[in-house]
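Heads up: the structure comes next, in structure tokens.
Keep in mind that this is a model prediction, so the values were computed, not measured.
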Amino acid sequence: MLQLLNIIISVGHVLLIVACLIGWIFPRTRKAHLILMGVVLGCWFLLGLKYGIGYCPLTDWHWQVKTKLGEESLPNSFIKYLLDHIFPHPTSPRVVDILTFVAFFISLAPALYLHWAGKVEQKLADKE
């Protein structure tokens, strides 16, 4: 049962990461994307005040499952865990954190732009 839960959390976690990175591209998912990005920011910085900046409750829960499955020496970051399993050499935790934050904010910028541009466009249309 724990192995199934591990797989479900892994797939869900990857899907959430992909949604954060590209959810702004599709008009139908833009609002959900902004909400997701707000939740992530809240976890990273508000919960991060207590647990450390960049805290992810999903990673915390996932690591609890992996620990019960016998995995040890888990990194602080799920993304580092993925990269270390994809590439032959371990990636620096600092580099992973920097790349994660950069990718996040690169995805947030167009999302915010499209959101505010849409509001301005709507106000202009309402005036006509």
Are V14 and F78 side-chain neighbours, meaning at least one heavy-atom pair lies under 4.5 Å? yes
Do the ring planes of H85 and Y81 sit parallel (below 30°), tilted (30 to 60°) or perpendicular (above 60°)? tilted
Just wondering, do L112 and L34 contact through their side chains at under 4.5 Å, heavy atoms? yes
With the side chain counted from C-beta on, respond yes when N76 and D97 share a heavy-atom pair under 4.5 Å apart, and no when they do not. no
Please check if the side chain of T29 supplies one atom and the backbone of G23 the other of a donor-acceptor pair under 3.5 Å. yes
Worked check of side chain to side chain contact (heavy atoms under 4.5 Å, CB included) between S107 and I22: CA-CA 7 Å; S107 297; I22 66 169; over 6 Å; no
L99 reachable from V102 in the ILVMFWY side-chain graph, under 4.5 Å edges: no
Close side-chain approach of H13 and I17, heavy atoms under 4.5 Å: yes
Measure the CG-CD1 distance between D84 and I79 for me, rounded to the nearest 0.5 Å. 12.0 Å
Is there a side-chain contact between F101 and I106 in this structure, where contact means two heavy atoms from C-beta onward sitting under 4.5 Å apart? no
Report yes if the side chains of F104 and L41 come closer than 4.5 Å at any heavy-atom pair, otherwise no. yes
Are F87 and V96 in one and the same hydrophobic cluster, where Ile, Leu, Val, Met, Phe, Trp and Tyr link if side-chain heavy atoms are under 4.5 Å apart? yes
Is there a donor-acceptor pair under 3.5 Å between the side chain of N6 and the backbone N or O of V65? no
Taking everything shown except F45 itself, do over 12 heavy atoms lie less than 6.0 Å from its CZ? yes
What's the shortest heavy-atom distance between H62 and S10, and which atoms? CE1-OG, 3.0 Å
Rounded distance [0.5 Å steps], NE2 in H33 versus CG in L21: 7.5 Å
Roughly how far, to the nearest 0.5 Å, is CD1 of I86 from OG1 of T91? 9.0 Å
Between the main-chain N or O of K80 and the side-chain N or O of S77, is there a donor-acceptor pair closer than 3.5 Å? yes
Mind checking whether Y113 and I35 sit in one hydrophobic cluster, side chains of I, L, V, M, F, W, Y counted as touching below 4.5 Å? no
C56 versus W63: any side-chain heavy-atom pair under 4.5 Å? no
Output the rest of the hydrophobic cluster of L49: all Ile, Leu, Val, Met, Phe, Trp and Tyr residues reachable through side-chain heavy-atom contacts under 4.5 Å, sorted by chain and number. none
Is it possible for you to say whether F26 and L15 belong to one hydrophobic cluster, with membership spreading through side-chain heavy-atom contacts below 4.5 Å? no
What I'd like to find out is whether the side chain of W44 reaches to under 4.5 Å of the side chain of I53, using heavy atoms alone. no
Within residues 19-32 or reaching into it, pairs that qualify as salt bridge (Lys or Arg N to Asp or Glu O under 4.0 Å) - sequence neighbours excluded: none
Could you see if W116 belongs to whatever hydrophobic cluster contains L36? Use Ile, Leu, Val, Met, Phe, Trp, Tyr and a side-chain cutoff under 4.5 Å. yes
